[in-house]
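To keep things clear, I will list the structure first and then write my remarks on it.
Lettering of chains follows the sequences in order, A, B, ..., and the numbering in each one begins at 1.
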Amino acid sequence: MPSMFNGIYNIISQCLSSSTITLSHARQAHAHILKLDLYGDTYIATRLLSHYANNLCFSQVTNLVLHFFPNPTLPSFTSIINAFARSHQYDAVLRLFSLMGHKGLAPDGFLLPSAIKACAALQALKPGLQFHGYAFASGYALDSILASSLVHMYLKCDSIGDAHRLFDEMPERDVVVWSAIIAGYSRRGMVERAKEMFSEMRSEGVEPNLVSWNGMLAGFSNAGWHVEAVELFKTVLNEGFLPDGSTVSCVLPALGQLEDGVAAKQVHGYVIKQGLGSDRFVVSALLDIYGKCGCIQGMLKVFDEVDQREVGSLNAFLNGLSQNGLIDTALEVFRKFLDEGVELNVVTWTSMISSCVQNGKDMEALELFREMQAHGVEPNAVTIPSLIPACGNISALKHGKQTHCFSLRKGIFDDVYVGSALIDMYAKCGRIQLSRLCFDKMLDPNLVSWNAVLKGYAMHGKAKQTIEMFRIMQESGMEPDEISYTCVLYACAQNGLTEEGWQYFNSLSKEHAIETKTEHYACMVTLLSRVGKLEEAYSLIKEMPLEPDACIWGALLSSCRVHHNLSLGEIAAEKLFLLEPDNPGNYILLSNIYASKGMWDEVDRIRDVMKSKGLRKNPGCSWIEIGNKVHTLVAGDKSHPQMQEILEKLEKLSVEMKKCGHLPKTGLVLHDVEEQEKEQILCGHSEKLAVVLGLLNMSPGQPLQVIKNLRICGDCHSAIKFISSLEGREIFVRDTNRFHHFKDGICSCGDYW
DNA sequence: CTAGGGTTAG
């Protein structure tokens with residue numbers, strides 16, 4: 001038997017000695033070792049261990065070390081740890097270090113940097129501090145390599161003060177540690193500080209290498225110093241350095257922001273020439289810049305020649321497509337890779353969510369958010385503010401609140417993006433108090449947050465609060481921008497505050513050196529024309545130094561309809577027909593003016609023009625969230641499963657409303673048809689259908705929140721006032737213009753809109 | 001095969 005045993009032992013040991021055996025061979029050998037009880041043999045155990053380590057089988061490694069390895073030594077740990085470190089399995093590295101401790105072994109000066117590097121990669125400050133303590137106590141900390149790995153660790157953990165303190169204590173500082181600390185400041189936006197350190201390094205006689213320059217370049221790019229970044233890039237070239245992948249990927253975003261397509265192509269040429277085309281960072285930066293410059297051809301050229309499963313490049317590609325109006329293509333490509341099982345990360349999902357929201361695909365965004373979690377990808381602090389606007393856009397308050405709670409559970413309390421998104425979302429969902437509460441809870445609101453609050457109040461027609469917040473904003477030292485002014489002017493326009501409107505309109509350029517934009521003129525035109533000063537509004541348009549756009553003429557035309565002013569209405573409509581020949585809304589408005597004056601021939605003429613252009617009235621469309629579902633109702637479309645019930649309820653309500661004095665405003669119906677038929681048409685309006693659907697499905701006392709894709713119709717406005725008192729419901733309707741909050745038979749707009 | 005740098009999502 002001994003000879004046979006020796007034979008098997010030799011086979012196993014030879015097999016394990018080969019560095020090329022596969023994992024399954026190692027497993028087979030392991031089975032034999034178990035059977036023959038060969039664990040006691042140090043050589044065999046070490047070989048087996050190293051195979052498992054090289055294949056990153058973490059649980060097998062720990063299992064062997066804990067239960068079978070007779071006497072693990074520092075070298076065996078060193079080789080295992082290095083195997084995991086090489087493959088960036090830093091979590092495993094740290095656990096192996098603690099396993100080492102349990103086995104009574106301590107790392108030496110050579111192994112310690114691996115531990116510290118793992119802490120840096122995981123941004124794990126606590127174990128990092130422990131290793132620092134140990135290195136200090138055992139005298140290794142004087143070693144320059146170890147010290148610079150510690151400096152690096154502190155930088156990665158955002159403890160730049162600790163990093164600098166240690167840096168100051170180092171007896172000798174080489175270009176490596178200088179580069180690290182410079183990049184640390186530079187990437188955190190402290191570019192000036194980085195520049196100081198850079199010259200300090202030179203004055204100490206340490207010459208920068210390419211890595212030092214790259215660190216500066218990354219900071220410039222990050223901080224938005226695009227012109228300076230490109231200049232710096234030229235300096236690097238002049239200094240005689242040959243840019244590497246890092247240099248290229250640092251300078252490309254700057255060129256992208258400058259939308260310099262020519263430079264992009266030049267860099268692309270350089271990338272090919274230097275063989276940097278397989279560097280994943282370079283590839284995604286190239287895709288990004290081509291996307292930003294609108295060069296789809298360039299994107300395709302790059303993407304076709306790389307590993308498309310590399311998630312960074314794929315993300316840049318998808319994002320480039322979405323940003324150039326190809327959202328559907330992006331979604332298709334995204335689905336294709338998802339189906340193929342390509343590992344998509346949080347950036348991929350967030351980017352798709354964000355692209356959907358930017359392209360009006362709010363429901364899709366909510367669905368993607370659900371799907372990403374089903375795929376085991378955790379949303380982060382970027383995902384959440386990308387999703388929140390989707391909830392606001394479709395007034396999905398429930399989804400919005402869920403997302404808010406989600407962010408709190410994730411420990412995101414004072415993120416300025418999340419805060420601003422929440423302010424906007426709650427305002428759009430009709431909950432102006434919650435919106436304000438989110439603002440009040442913010443530690444450090446920025447301009448976007450302030451503007452979100454102003455916009456919320458303005459949309460709700462709350463001029464007093466808008467003006468009050470605008471005042472507080474300035475008192476707090478926050479300088480208003482053109483958006484802030486648009487909000488205030490908008491609020492004035494919604495409330496007919498002529499005097500205040502003029503005052504703010506005049507002060508924006510005088511007191512704040514803000515350029516007066518067409519939006520500001522549009523607000524003033526709305527304000528003046530809506531209070532009946534149509535001629536004054538028209539004069540302002542004629543005097544304005546900018547070319548009046550469709551918003552301005554549209555504002556005038558809308559007011560002409562309200563005030564039945566045909567002559568100015570026709571002027572505005574003429575302009576609009578040139579500016580937006582295919583917008584049916586303008587034809588409808590003019591036609592409404594004719595109809596209100598009984599000029600049916602003109603109404604017919606407009607109808608013929610629309611027909612010849614193939615234009616149809618945009619169907620009115622309303623949304624209401626019930627439970628976790630957002631229902632869509634389209635005027636005249638009877639496909640909703642509860643339509644029969646809706647119509648029956650509406651019929652009952654009509655009878656009651658008429659008893660209370662509601663007269664159907666059939667004058668608002670454009671069609672030259674019988675009165676009764678007009679009433680029918682009014683009854684089919686989407687906002688009424690949505691309100692009734694809400695009445696049927698939401699428990700009493702719950703407020704209803706409806707949004708409409710057009711302005712609310714006058715008859716619906718009156719009807720919903722009656723419904724709010726008959727049914728004892730609070731009803732919020734958000735149209736394209738503003739909010740209407742119906743309660744006890746009155747509307748927050750005071751019938752002025 | 002034991003220290004430093006980069007890309008893509010708000």
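Note: CZ (A:Phe220) to P (B:dG5) measures 18 Å, nearest angstrom. In this structure, A:Arg188 places its CZ atom 14 Å from P of B:dG4, rounding to the nearest Å. The CG atom of A:Leu74 sits 15 Å away from the C1' atom of B:dC1 (whole-angstrom rounding). One interatomic measurement links the two molecules: CD1 of A:Ile81 to C1' of B:dT2, which rounds to 11 Å at whole-angstrom precision. A:Phe84 has its CZ atom 17 Å from the C1' atom of B:dT2, to the nearest Å. In this structure, A:Met352 atom CE and B:dG10 atom P are separated by 12 Å, rounded to whole Å. Rounded to whole Å, the distance from CZ on A:Arg309 to C1' on B:dT7 is 20 Å. Atom CG in A:Leu255 sits roughly 14 Å away from atom P in B:dT7 (whole-Å rounding).
When heavy atoms are screened at a 4.0 angstrom cut-off, A:Val382 is found touching base atoms of the nucleic acid. Within 4.0 Å of A:Asp143, counting heavy atoms only, lies no atom of the nucleic acid at all. Within 4.0 Å of A:Ile353, counting heavy atoms only, lies no atom of the nucleic acid at all. Within the nucleic acid shown, A:Ala381 comes within 4.0 Å of at least one base atom, counting heavy atoms only. Within the nucleic acid shown, A:Gly215 has no heavy atom closer than 4.0 Å to any nucleic acid atom. In this structure, A:Val283 reaches neither bases nor backbone, as no heavy-atom distance under 4.0 Å exists between it and the strands shown. At the heavy-atom level, A:Thr350 lies under 4.0 Å from base atoms of the strands shown.
In the interface, the side chain of A:Asp174 is not paired with the base of B:dG4 through any donor and acceptor atom under 3.5 Å apart. Taking 3.5 Å as the limit, the base of B:dT8 and the side chain of A:Ser284 contain no donor-acceptor pair of atoms between them. One cannot find a donor-acceptor pair under 3.5 Å joining the base of B:dA3 and the side-chain atoms of A:Ser149. Within 3.5 Å, a donor on the side chain of A:Asp415 pairs with an acceptor on the base of B:dG10, or the reverse. Residue-to-nucleotide contacts include a donor-acceptor pair under 3.5 Å from the side chain of A:Asp279 to the base of B:dG6. Judged by distance alone with a 3.5 Å cut-off, no donor-acceptor contact links the side chain of A:Ser386 to the base of B:dG10. With hydrogens and angles ignored, no donor-acceptor pair under 3.5 angstrom links the side chain of A:Asn345 to the base of B:dA9.
For A:Asn319 and B:dA9, the shortest distance from a side-chain N or O to OP1 or OP2 is below 4.0 Å. A:Lys292 has no side-chain polar atom (N or O) that falls below the 4.0 Å cut-off from OP1 or OP2 of B:dT8. Contact between the side-chain N/O atoms of A:Arg187 and the OP1/OP2 oxygens of B:dG4 is not found at any separation under 4.0 Å. Of the side-chain N and O atoms in A:His152, one or more sit less than 4.0 angstrom from OP1 or OP2 of B:dG4.
Centroid-to-centroid, the aromatic rings of A:Phe97 and A:Tyr134 stay 6.0 Å apart or farther.
Counting only N and O atoms by type, the side chains of A:Ser354 and A:Gln358 include a donor and acceptor under 3.5 Å apart. No hydrogens or angles considered: a donor-acceptor pair under 3.5 Å links the side chains of A:Ser449 and A:Asn446. A:Asp328 and A:Asn359 share no side-chain donor-acceptor pair at under 3.5 Å. Side-chain contact annotation: A:Ser79 with A:Asn82, donor-acceptor N/O pair under 3.5 Å absent.
Environment of CZ in A:Phe136: sparse, with no more than 12 heavy atoms of neighbouring residues, nucleotides or ligands closer than 6.0 Å.
Listed nucleotides B:dA3, B:dA9, B:dC1 differ in distance to A:Lys117; the shortest reach to its side chain belongs to B:dA3. When distances are taken from the side chain of A:Pro385 to each of B:dG4, B:dG10, B:dG5, the shortest belongs to B:dG10. The A:Val176 side chain lies nearest to B:dA3 when the options are B:dT7, B:dG5, B:dA3. Closest approach to the A:Ser249 side chain among B:dA9, B:dA3, B:dG6 is made by B:dG6 (side chain taken as heavy atoms from C-beta onward). Each of B:dG5, B:dG4, B:dT8 was ranked by its minimum atom distance to the side chain of A:Asn209; first place goes to B:dG4. When the nucleotides B:dA3, B:dG4, B:dG5 are ranked by their closest atom to the side chain of A:Ser179, B:dG4 comes out on top. In the set B:dG5, B:dT2, B:dT8, B:dT2 carries the atom at the smallest distance from any side-chain atom of A:Phe110. Listed nucleotides: B:dG6, B:dT2, B:dT8. Nearest to the side chain of A:Ala218: B:dG6. Taking only side-chain atoms of A:Arg86, from C-beta outward, the nucleotide of B:dG6, B:dT8, B:dC1 with the closest atom is B:dC1. The nucleotide whose nearest atom lies closest to any side-chain atom of A:Cys250 is, among B:dG6, B:dT7, B:dT8, B:dG6.
Here, B:dG5 and B:dC1 have their P atoms 16 Å apart, quoted to the whole Å.
Here the straight-line distance linking atom CZ of A:Phe220 with atom NZ of A:Lys195 works out to 5.0 Å at 0.5 Å rounding. The distance from atom OG of A:Ser322 to atom CZ of A:Phe317, rounded to the nearest 0.5 Å, is 10.0 Å.
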